[in-house]
2 protein chains.
Amino acid sequence: MAALQKSIDKRNALIQATIELVNNDGFHATPMSKIAKMASVSPATIYLYFDNKQDLVNKTYIEVKACYTAYAFETYDETMPVEYGFKVIWKRIAEFKIKESANALFLAQCDNTPMIDEASRQEGIKHLQPLLDLWARGKKEGIIKPLSDYLLYAYAINPLSFLMMAQNRGSIQLTQLELDQAYEAAWSSIKVCK
Amino acid sequence: MAALQKSIDKRNALIQATIELVNNDGFHATPMSKIAKMASVSPATIYLYFDNKQDLVNKTYIEVKACYTAYAFETYDETMPVEYGFKVIWKRIAEFKIKESANALFLAQCDNTPMIDEASRQEGIKHLQPLLDLWARGKKEGIIKPLSDYLLYAYAINPLSFLMMAQNRGSIQLTQLELDQAYEAAWSSIKVCK
DNA sequence: TCGAAAAGAATGAACATTCATTTTCTGTAT
DNA sequence: ATACAGAAAATGAATGTTCATTCTTTTCGA
């Protein structure tokens with residue numbers, strides 16, 4: 001059976017093109033024809049891989065978000081002490097912003113825009129669970145302030161939001177020192193003061 | 001002279017309609033015809049007030065941003081002690097998010113999207129100067145951590161970014177307690193630990 | 001009565017999606 | 001091995017719609 005002959009490379013090229021073009025021009029200012037051209041594919045071909053433009057961008061979002069969270073939790077495991085765990089995750093997220101800046105920018109745009117379906121948004125959130133768990137543990141151990149779950153949740157969606165601001169629309173690169181400072185600031189804001 | 005016979009009400013209605021529609025559908029998914037209809041005006045009339053669609057959204061952005069900063073600094077003056085000044089500004093910003101949530105949402109979308117001209121973006125940033133000055137003072141007095149100016153700047157663009165996340169795309173309203181917690185977290189992240 | 005302001009209809013370009021063909025792949029029979 | 005049939009994949013060219021902007025005419029205020 002030829003159930004999956006469609007080229008995964010072509011699909012990836014389409015996703016990459018979508019990210020790059022949406023970053024530069026925004027969702028609605030990015031024509032399917034341009035995405036097709038950048039992916040070296042006919043416009044009609046896109047519809048073999050995705051239902052329509054909305055579906056393309058939804059799936060791109062979910063894929064990038066999954067990539068983001070996988071990256072964030074790569075070096076973390078649940079047996080780590082809370083503070084160390086937080087540090088490990090935080091640093092990975094910062095690294096993601098820097099090394100995968102196109103992906104990070106794309107996520108920022110999606111998360112602040114009516115561009116993505118609510119369902120896909122929910123889907124994208126799921127993978128952040130380990131961070132929420134870590135925080136629950138930190139609160140239980142008295143290491144993390146008893147912040148409202150709702151705030152922690154907001155924080156979890158974008159713990160680096162101010163780094164995002166620093167990175168997103170300015171093109172300046174953050175230094176290691178700045179990253180360390182940013183981490184310290186973030187940790188200070190949630191840890192219980194001794 | 002009839003240099004300004006054009007109705008300021010009509011202009012305002014157009015700006016309001018732009019904010020509301022862009023919040024719901026995004027810039028490019030908002031047709032001029034719809035903006036006109038919501039403002040009870042002919043599409044052609046928009047062009048008496050604005051050069052084109054881009055100009056309309058740029059001017060809307062600048063106006064909302066000015067409104068935001070005016071609100072933020074309303075109760076602040078430069079003679080206040082640093083910590084108190086920070087608190088006063090922060091609380092006003094939080095209030096803005098809550099009371100003027102449509103405006104806040106609009107700004108979040110503009111700031112994370114290629115929707116606004118770079119020039120207008122710069123224009124919008126200018127009014128944040130008092131906060132930068134406050135921080136310079138705080139650092140000089142040893143009250144605020146010696147964070148990189150660049151980070152403080154990023155923070156200044158959106159000191160409430162994580163509150164934004166909490167408010168923007170979820171529709172849940174934050175409680176007073178949560179706001180207090182959020183303020184404490186923000187202050188902890190930048191103050192010098194005693 | 002004149003000039004600005006406003007209106008509605010018209011224009012032309014851009015775009016998402018579909019259609020009718022062509023190309024490529026794969027499994028099978030020789 | 002080889003050729004071929006059938007199906008999936010890919011294509012470029014329509015199609016029909018939507019929309020920003022402009023044009024011509026009408027309304028309004030002084």
Side-chain angles (χ1 to χ4, degrees), chain A residues 1-61 106 109-110 113-117 120, chain B residues 1-61 106 109-110 113-117 120:
Chain A
M1 275 303 299
L4 188 53
Q5 265 188 314
K6 278 182 260 182
S7 144
I8 190 71
D9 290 342
K10 229 161 255 179
R11 203 191 118 105
N12 285 341
L14 285 167
I15 298 238
Q16 285 309 313
T18 302
I19 294 168
E20 182 166 341
L21 290 170
V22 168
N23 275 348
N24 283 330
D25 306 332
F27 173 47
H28 285 285
T30 300
M32 294 296 260
S33 56
K34 215 168 163 186
I35 295 175
K37 189 170 287 175
M38 177 168 279
S40 306
V41 135
S42 154
T45 301
I46 300 180
Y47 293 85
L48 298 177
Y49 292 84
F50 303 95
D51 296 340
N52 49 45
K53 194 180 177 184
Q54 185 63 57
D55 183 53
L56 167 60
V57 76
N58 283 340
K59 296 221 166 103
T60 302
Y61 173 74
F106 182 79
Q109 194 169 164
C110 290
T113 272
M115 183 172 124
I116 299 293
D117 281 354
S120 304
Chain B
M1 276 303 298
L4 188 52
Q5 265 187 314
K6 281 181 259 182
S7 144
I8 190 71
D9 289 343
K10 229 161 253 178
R11 203 191 118 104
N12 284 341
L14 285 168
I15 298 239
Q16 285 310 312
T18 302
I19 293 168
E20 182 167 339
L21 291 170
V22 168
N23 275 349
N24 283 330
D25 306 332
F27 172 49
H28 285 285
T30 300
M32 294 296 260
S33 56
K34 215 168 165 187
I35 296 175
K37 189 169 287 174
M38 178 168 278
S40 306
V41 134
S42 156
T45 302
I46 300 181
Y47 293 85
L48 297 175
Y49 292 83
F50 303 95
D51 296 341
N52 49 45
K53 195 180 177 186
Q54 185 62 57
D55 182 53
L56 167 60
V57 76
N58 282 340
K59 296 220 166 102
T60 302
Y61 172 74
F106 182 78
Q109 193 170 164
C110 290
T113 273
M115 183 172 124
I116 300 292
D117 281 353
S120 304

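Lettering follows sequence order; numbering is per chain, from 1.
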Step-by-step side chain to side chain contact (heavy atoms under 4.5 Å, CB included) determination, B:Thr113 to A:Met115:
CA-CA 11 Å; B:Thr113 273; A:Met115 183 172 124; over 6 Å; no

Can you tell me which nucleotide in D:dT11, C:dT17, D:dT21 comes closest to the side chain of A:Lys53?
C:dT17

Would you mind reading off the distance between A:Asp9 atom CG and D:dA9 atom P, rounded to a whole angstrom?
15 Å

Could you tell me which non-hydrogen atom of A:Gln109 sits nearest to which non-hydrogen atom of A:Gly26, and how far apart they are?
OE1-CA, 3.4 Å

B:Gln54 CD to D:dC19 C1': how many Å, rounded?
16 Å

Has A:Tyr47 got a side-chain N or O lying under 4.0 Å from the OP1 or OP2 atom of C:dC19?
no

If we fit an axis to the first five pairs and another to the last five of the helix from C:dT1-D:dA30 to C:dT30-D:dA1, what angle do they make, to the nearest 10°?
10°

Least distance between heavy atoms, B:Tyr61 atom then B:Ser120 atom
CE2-O, 3.5 Å

Under 4.0 Å between a side-chain N or O of B:Lys10 and OP1 or OP2 of C:dA6?
yes

Using atom OH of B:Tyr49 as one end and atom P of D:dT21 as the other, report the distance to the nearest whole Å.
18 Å

Closest heavy-atom pair and its distance - B:Ser33, B:Pro43:
CA-CG, 4.4 Å

Using atom CZ of A:Phe50 as one end and atom C1' of D:dA10 as the other, report the distance to the nearest whole Å.
15 Å

Full working for side chain to side chain contact (heavy atoms under 4.5 Å, CB included) between B:Phe106 and B:Thr60:
CA-CA 9 Å; B:Phe106 182 78; B:Thr60 302; 3.7 Å; yes

To the nearest Å, how far apart are B:Met32 CE and C:dG8 P?
16 Å

Find the distance A:Asn52:CG to C:dT17:P and express it as a whole number of Å.
5 Å

What one should report as the nearest heavy-atom pair of B:Ile116 and B:Gln54 is CA-NE2, 4.2 Å

Length of the line joining B:Leu56:CG and D:dT21:C1', which is rounded to integer Å
14 Å

With respect to the side chain of A:Thr45, which nucleotide from C:dA16, D:dT11, D:dA20 is positioned closest?
D:dT11

Contact list for residues 40-61 of chain A, test salt bridge (charged side-chain N to carboxylate O under 4.0 Å, His left out), sequence neighbours left out:
A:Asp55-A:Lys59

Under the side chain to side chain donor-acceptor pair (under 3.5 Å) rule, collect the residues that match up with B:Asp117, sequence neighbours excluded.
B:Asn58

Going 5' to 3' along nucleotides 13-18 of chain D, which nucleotides have protein heavy atoms under 4.0 Å from the base (write B), which only from the sugar-phosphate (write S), and which from neither (write -)?
------

Nearest-angstrom distance from the residue atom CG of A:Leu48 to P of D:dG12:
13 Å

Could you walk me through whether B:Ile35 and B:Leu14 pass side chain to side chain contact (heavy atoms under 4.5 Å, CB included), step by step?
CA-CA 7 Å; B:Ile35 296 175; B:Leu14 285 168; 4.0 Å; yes

Of the residues in residues 11-21 of chain A, which ones touch DNA chain C at a heavy-atom distance under 4.0 Å?
none

State which residues pass side chain to side chain donor-acceptor pair (under 3.5 Å) with B:Lys34; sequence neighbours excluded, sorted by chain then number.
B:Asp25

How do B:Val41 and A:Ser33 order along DNA chain C: which one's closest nucleotide is nearer the 5' end?
B:Val41

I need the minimum non-hydrogen distance between A:Asn23 and B:Pro114, along with the two atoms involved.
O-CG, 3.5 Å

Looking at every heavy atom in both A:Tyr47 and A:Met32, which two are closest together, and how far apart are they?
OH-CE, 3.4 Å

